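Structure record follows, encoded as C-alpha cells.
What you see is a predicted model, and the numbers here were worked out from it, not measured in a lab.
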Amino acid sequence: MTRFRGPKGTDDILPPASRVWSRAELTFIELSGVYGYEPAITPIFESTELFARGVGEATEVVDKQMYTFADKAGRSLTLRPEATASVVRAVIQAGGVQGVMKASYWGPMFRYERPQAGRKRQFYQAGVEYLGESAPEADVEVIELGYRFLQEMDVPDVEVALNTIGDPADREAYRAELTAFLQERIDLLSEDAKARMELNPLRVLDSKADVEAVAGAPVPIDHLGPDAFAHFEAVKAGLDRLGIPYRLEPRLVRGLDYYNRTVWEYIPRRYDAAQSAVGGGGRYDQLFELLGGRPTPAVGLAMGIDRIILAMAGSELPRILDLFVVAAGPAWRDEAFAWLSRLRHAGIRADMALGDRSVKAQFKAADRRGARAVAVVGDEWATGAVTVKDLETGTQQVIPIEEITAWIAEH
RNA sequence: GUGGCCGUAGCUCAGUCGGUUAGAGCGCCGGGUUGUGGUCCCGGAGGUCGCGGGUUCGAUUCCCGUCGGCCACCCCA
C-alpha cells in the first residue's frame with residue numbers, strides 16, 4: 001500500500017505554518033482596501049484561447065507551461081497561469097468599465113514547470129488591477145501598494161526595478177533596430193536567444209546567457225514616443241514624491257506580452273535565489289481591445305505569496321489564542337468546558353486541552369498552541385474567581401470571572 | 001524542457017567498506033507526590049532506511065528504473 005502524496009510541485013500549508021499565510025492574505029485584503037480596491041473573484045480555469053490571446057502565444061507561459069485539459073464536452077480549458085486575463089475578460093463580459101474599476105484578487109495560479117523552492121506548479125498570487133485610468137499616478141499608486149505590502153510582510157531591503165517599454169508603435173521601430181543589432185552578433189548569441197529573436201526579440205535582453213552579447217544593445221527606454229516619455233517622467237516624479245526608492249533597469253522586459261509603458265519588479269536584495277522577483281507589474285493599455293473589449297487603459301501588479309514568505313525576515317509564529325483554559329483537576333472539567341463556550345460567545349479566542357490531563361500537561365499545551373495567557377478553573381471558582389497567568393511575562397493573579405475580558409485586553 | 005546533487009524516525013541528520021537487536025539531537029507522550037508552560041533531570045512511544053526491479057547465500061548499503069525534493073539554466077511571481 002503506497003501512501004498518497006501531493007502532486008509534484010504542490011505544497012501543503014498546514015497549521016501552524018498557515019498562520020503566516022493567513023497574515024499575508026489578511027494584510028493584502030486590508031491594504032488593498034485602504035487603497036480603494038475590492039475583490040474580483042473569477043474562475044480558476046478559463047478557455048485555453050483566452051490565455052493564448054491575452055498572455056501571448058509567444059510567451060513561455062503559454063508556449064509550454066499551461067495546465068490544459070479537455071472537459072467532457074471536448075472544450076479546451078486551462079488552469080489559470082495568472083489572473084489579469086481572467087479579470088479583464090470578466091469585466092468585458094460584464095459590459096466593460098464605467099469610469100474606473102479597482103479590483104483585487106488572491107488565489108492559486110498554475111504553471112507546469114520544473115519545481116524549485118519558490119517555483120511551484122500551484123502557487124499563490126495576490127494582485128490588483130486599476131482599470132480605466134491612464135494617468136501616471138495610477139502606476140505610482142500601484143507600485144506603492146506592492147511596496148508597502150512587502151514592508152508590512154517584513155520583507156527586508158526591497159528594491160523596485162523600474163523600466164518602460166514604450167507603446168506598441170514605439171516598440172515596432174525599436175524592434176527593427178534591436179533585430180539588426182542582434183543580427184550583427186548572431187555568432188555570439190545562445191541557441192535560445194537565436195530562437196527568440198524571431199518571436200520576441202525584446203526577451204533576449206534579459207537572458208543570462210547573453211549578457212555580454214547584448215551589452216551595447218539598444219534599449220526600449222531610448223526609443224519612446226513623446227507621450228510614453230512624458231508618462232514615464234511623471235511616474236518617476238511621482239515615486240520620488242512618495243519616497244519610493246527605485247532603480248532604473250533598462251533591460252527589464254517582462255514575459256507577458258500584454259505590457260506597455262511602465263513595467264517593474266520587486267526584488268529583495270538579501271534573498272539571493274534565481275527566483276528573485278517576489279512581485280511585479282505593468283501597464284497594459286491594449287489588453288481590453290485584444291480581448292474584444294472597448295479600449296481601456298489599465299495598470300496592475302501581482303505579488304508572489306510563496307516567494308514573499310520565503311523572503312520574510314524569520315520571525316516567530318504569532319500567538320493566536322487570547323486565553324487557554326486549564327481545569328485544575330478532573331472535577332473541574334465540565335465547569336471549565338462550559339466557561340470556555342461562554343468565552344467564545346464573547347468573542348475571545350480561547351481553547352483548552354480536552355481529556356484527562358495533568359495541569360502541567362495543560363500548561364504545556366497552552367504554550368505549544370500559541371496561547372498568550374492561561375486561566376485556571378479550580379477552587380477559586382467557588383468565590384467567582386479564576387487564576388490568570390500571562391505566559392509571556394510569567395506573572396499571575398486571581399481575578400473575578402467577569403473581569404476576564406478587561407484583563408485580556410490589558411495583556 | 002536541459003544539466004547536476006539528494007531521498008534513513010514528525011523534523012534535521014549520523015551510520016552500515018553488503019551480514020544477524022539501525023542511532024543522535026530536536027519534537028511528541030508520561031513522570032520528577034499536593035493546581036503551573038517555555039529551563040533542568042528521568043522514562044517511553046515512534047522507522048516498509050522513498051517505491052519497484054536486478055546482482056548476491058544475504059541489500060537500508062552496489063546497479064538500473066521510477067517517484068519526490070533541491071540547485072543552476074530556462075521562466076516568472
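- Between Gln362(A) and U36(B) there is no side-chain N or O to OP1 or OP2 distance below 4.0 Å.
- Side-chain atoms of Phe363(A) lie closest to U36(B) of the nucleotides C71(B), A77(B), U36(B).
- Contacts classified as ring pair (Phe, Tyr, Trp, His ring centres under 6.0 Å) and involving residues 133-161 of chain A (residues at least two apart or in different chains) are given here: Phe28(A)-Phe149(A).
- Taking the side chain to side chain contact (heavy atoms under 4.5 Å, CB included) definition, one finds that Arg372(A) meets it with Arg319(A), Asp322(A), Glu392(A), Ile408(A), sequence neighbours left out.
- When distances are taken from the side chain of Thr387(A) to each of U36(B), C76(B), G31(B), the shortest belongs to U36(B).
- Contact annotation: Arg357(A) reaches the phosphate of G30(B) (side-chain N/O to OP1 or OP2, under 4.0 Å).
- Contact annotation: side chain of Lys389(A) to base of G37(B), donor-acceptor pair present below 3.5 Å.
- Among the atoms of the strands shown, only primed sugar atoms or phosphate atoms (P, OP1, OP2) are found under 4.0 Å from some heavy atom of Arg368(A).
- Residue Lys120(A) places at least one side-chain N or O under 4.0 Å from the OP1 or OP2 atom of C70(B).
- Contact annotation: Lys8(A) reaches the phosphate of G68(B) (side-chain N/O to OP1 or OP2, under 4.0 Å).
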Base-contact (B) and sugar-phosphate-only (S) positions in nucleotides 39-46 of chain B, heavy-atom cut-off under 4.0 Å, - elsewhere: --------
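- In terms of the side chain to side chain contact (heavy atoms under 4.5 Å, CB included) criterion, residue partners of Gln122(A) (sequence neighbours excluded) are, by chain and number, Thr10(A), Pro108(A), Phe110(A), Tyr124(A).
- Counting only Watson-Crick and G-U wobble pairs whose two distances sit under 3.5 Å, RNA chain B takes part in these stems of three or more pairs: B:1-7 with B:67-73, B:10-13 with B:23-26, B:28-32 with B:40-44, B:50-54 with B:62-66.
- The phosphate of A72(B) (OP1 or OP2) has no side-chain N or O of Arg114(A) nearer than 4.0 angstrom.
- Taken residue by residue, residues 392-400 of chain A places heavy atoms nearer than 4.0 Å to RNA chain B at Glu392(A), Gly394(A), Gln396(A).
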